[in-house]
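Nothing fancy with the numbering, it's 1 onward along the sequence.
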Amino acid sequence: MKKSFFSLLLLPLLFVACGKEHVAVCPEAAQSLENIPYAPVPVTLQFPLGFPTMPLPADNPLTEDGIQLGRHLFFDKILSGDLSMGCSDCHQPRYGFTDGRRFSTGIDGIEGHRSAMPLMNVGFSSEVSQEGRNFMWDGRFPSLEVQALAPTNDPIELHGNWPDIECRLRAHPTYPALFRKAFGIRSTDEITRQLVAKALSQFQRSIVVGANSKYYRAQLGLENLTDSENRGRMMFFANDTTGQELPDAECAHCHNGSQFTNFRFVNNGLQPAATLTDFLDPGLGRINGRNADNGKFKTPSLWNVVLTAPYMHAGQFATLEEVIDHYDRGGQYSPNRATELVQLEQAPAFTPQQKADLIAFLHTLTDTAYLSNPLYTSPF
């Protein structure tokens with residue numbers, strides 16, 4: 001990836017506040033930005049060997065200034081109703097771009113009912129489409145650009161409104177120039193929520209991890225897995241080449257390919273349900289209206305999984321040990337529970353050593369090099 005990104009320091013913008021209400025006043029007249037040079041520099045992301053090419057929308061190509069604008073907006077609190085939270089509060093780099101909480105909490109202190117999804121390698125999520133739904137635990141959004149619009153308006157997340165946010169950005173001392181450099185707009189009245197979404201999406205697509213993990217380096221012959229890590233690898237992929245008669249942990253049926261996910265929606269036995277209409281949280285089924293898809297949630301990538309606890313769509317499990325125990329038991333019964341869980345339920349239980357080996361392997365999928373990359377830290 002090109003690294004010659006501009007370093008920009010944003011000036012704070014003050015708003016008149018009354019309690020939780022912050023009202024931005026739009027400029028009386030649009031201001032011309034055409035005196036600011038517009039010279040977009042394309043960015044070509046560099047992917048680890050074996051990774052697919054990331055699908056990019058034709059109307060939102062990656063540029064240096066687009067990614068930088070997205071980075072500023074991601075770490076800023078200007079997109080929230082009361083200027084107290086931003087995207088990065090629920091997607092913190094140190095937690096693999098999650099927040100380390102079971103349920104994320106918005107500006108009014110209200111908890112949601114889902115755990116924040118990690119954003120690493122999120123740009124690959126549109127590699128495989130299931131009914132055109134690729135994003136969020138329940139697949140409610142078809143693209144990053146559409147998804148990026150939602151948190152600001154959500155009353156339990158950033159609880160703002162887009163007309164007000166657009167006014168803030170148009171009146172800001174610094175953002176108009178950043179939008180001009182990123183998208184070539186001619187005046188401040190062209191700053192819109194759609195451009196905010198495009199910039200945020202560009203930044204998120206730039207978050208690519210994996211190349212500095214022990215697993216990836218071992219694949220290239222640059223590092224060796226320990227005996228425990230290697231046994232865990234063989235269980236994970238059902239690839240026993242040593243004659244040790246290791247069990248198939250059934251992991252790779254869903255967590256496969258370069259991204260350790262099939263990008264699909266699966267019922268992994270988290271909710272007991274006697275019938276297809278008994279799920280407390282229907283997941284994908286609530287979105288598409290199909291009872292057969294009730295209880296199904298998106299399979300997440302396992303890159304940096306050790307950083308993203310608690311686990312599952314509702315943060316049910318605090319540790320990887322609890323996750324392994326859940327799958328070892330086959331999960332909880334429901335009519336459309338994944339067949340792999342039925343097989344695990346019927347198979348002999350994993351030994352303590354086998355569980356430890358699986359977890360040792362999952363640790364090899366850790367790549368924290370991005371934490372020292374200025375591109376993924378706050379510019380403020």
- Decide whether Arg71 and Gln68 meet the rule of one side-chain donor and one side-chain acceptor closer than 3.5 Å. yes
- Query: For Glu145, does its backbone N or O pair with a side-chain atom of Ser201 as donor and acceptor, under 3.5 Å?
  - Reply: yes
- Task: Please indicate whether Leu280 has more than 12 foreign heavy atoms, meaning atoms of other residues, nucleotides or ligands, lying under 6.0 Å from its CG.
- Result: no
- Could you tell me whether Asn239 atom CG has more than 12 heavy atoms of other residues or ligands within 6.0 Å of it? yes
- Just jot down the side-chain hydrogen bond (donor to acceptor under 3.5 Å, both in side chains) partners of Ser378, sequence neighbours excluded, or say none. none
- Item | Closest non-hydrogen atom pair, Glu340 against Glu250 | CG-OE1, 3.5 Å
- Query: What's the spacing between Lys198 NZ and Phe183 CZ if we round to 0.5 Å?
  - Reply: 6.5 Å
- Message: Less than 3.5 Å apart, any donor N or O on the side chain of Ser334 or Asn267 sitting next to an acceptor on the other?
- Response: yes
- Task: Starting at CD of Gln92, measure out to CZ of Arg101 and round the result to the nearest 0.5 Å.
- Result: 9.5 Å
- Flag, side chain of Ser213 to backbone of Asp367, donor-acceptor distance under 3.5 Å: no
- Message: Hydrophobic clustering (ILVMFWY, side-chain heavy atoms < 4.5 Å, transitive) - are Phe260 and Trp137 grouped together?
- Response: no
- Just jot down the side-chain hydrogen bond (donor to acceptor under 3.5 Å, both in side chains) partners of Gln343, sequence neighbours excluded, or say none. none
- Is the backbone of Ala314 close enough, under 3.5 Å, to the side chain of Arg114 for a donor and an acceptor to pair up by distance? no
- Message: Under a 3.5 Å distance rule, please check whether Glu166 uses its side chain to pair with a backbone N or O of Arg193 as donor and acceptor.
- Response: yes
- Message: Can you classify the ring geometry of Tyr216 versus Phe51 as parallel (below 30°), tilted (30 to 60°) or perpendicular (above 60°)?
- Response: perpendicular
- Message: Does Lys296 qualify as a cation-pi partner of Phe279, given the criterion of NZ or CZ under 6.0 Å from the six-membered ring centre and within 45 degrees of its axis?
- Response: no
- Task: Report the distance from atom CD of Gln204 to atom CG of Asn121, rounding to the nearest 0.5 Å.
- Result: 12.5 Å
- Task: Look at the side chain of Thr152 and the backbone N and O of Leu158, then say whether any donor-acceptor pair between them is shorter than 3.5 Å.
- Result: no
- Do Ile107 and Leu83 share a hydrophobic cluster, counting only Ile, Leu, Val, Met, Phe, Trp and Tyr and linking them when any side-chain heavy atoms are less than 4.5 Å apart? yes
- Aromatic ring pairing Phe237/Phe361, orientation class (parallel under 30°, perpendicular over 60°, tilted between): perpendicular
- From the list Cys167, Cys26, Pro176, Ser32, side-chain contact (heavy atoms from CB on, under 4.5 Å) partner of Thr188 resolves to Pro176
- Message: Please check: side-chain N/O of Glu111 versus main-chain N/O of Thr105, any donor-acceptor pairing under 3.5 Å?
- Response: no
- Message: The criterion is side-chain hydrogen bond (donor to acceptor under 3.5 Å, both in side chains); which residues satisfy it with His113, sequence neighbours excluded?
- Response: none
- Item | Path from Leu178 to Phe380 over hydrophobic side-chain contacts below 4.5 Å | yes
- Greater than 12 external heavy atoms within 6.0 Å of Asp227's CG: no
- Any donor-acceptor pair under 3.5 Å linking the side chain of Asn336 with the backbone of Asn294? yes
- Item | No-hydrogen, no-angle side-chain donor-acceptor test under 3.5 Å, Asn212 and Tyr370 | no
- Message: side chain to side chain donor-acceptor pair (under 3.5 Å), that's the test. Do Tyr327 and Asn268 meet it? Break it down for me.
- Response: CA-CA 8 Å; Tyr327 286 127; Asn268 57 344; 3.0 Å; yes
- Query: Centroid-to-centroid, Phe124 to Phe47, below 6.0 Å?
  - Reply: yes
- Can you hop from Val323 to Tyr95 via hydrophobic side chains spaced under 4.5 Å? no
- Task: Answer with yes or no whether the side chains of Ser84 and Asp82 bring together a donor and an acceptor at under 3.5 Å.
- Result: yes
- Task: Given salt bridge (charged side-chain N to carboxylate O under 4.0 Å, His left out), test Lys181 with Asp65 step by step and report yes or no.
- Result: CA-CA 6 Å; Lys181 291 177 180 179; Asp65 287 305; 5.9 Å; no
- Residue pair Thr226 / Lys214, side-chain heavy-atom distance below 4.5 Å: yes
- Atom pair OG (Ser206) and CG (Leu119), whose distance is rounded to the nearest 0.5 Å: 10.5 Å
- Task: Establish, from distance only, whether the side-chain atoms of Thr277 and Thr275 form a donor-acceptor pair under 3.5 Å.
- Result: yes
- Note on the structure: Heavy atoms of Gln202 and Leu62 approach each other most closely as OE1-CA, 3.4 Å
- Are the side chains of Gln147 and Met117 in touch, meaning some heavy atoms are under 4.5 Å apart? no
- Message: Quick check for you: to the nearest 0.5 Å, what is the distance between Gln259 atom CD and Met54 atom CE?
- Response: 7.5 Å
- Item | Check: Arg102 side chain, Pro310 main-chain N or O, donor-acceptor pair, under 3.5 Å | no
- Message: Nearest 0.5 Å, please: how far is CG in Asp99 from CZ in Arg94?
- Response: 10.0 Å
- Task: Give the ring-plane orientation class for Tyr376 versus Phe97, where under 30° counts as parallel, over 60° as perpendicular and anything between as tilted.
- Result: perpendicular
- Item | Ile110-Met85 co-clustered via ILVMFWY side chain contacts under 4.5 Å | no
- Please test Glu321 against Lys355 for salt bridge (charged side-chain N to carboxylate O under 4.0 Å, His left out), starting from the C-alpha separation and ending with a verdict. CA-CA 8 Å; Glu321 285 79 5; Lys355 293 179 181 180; over 6 Å; no
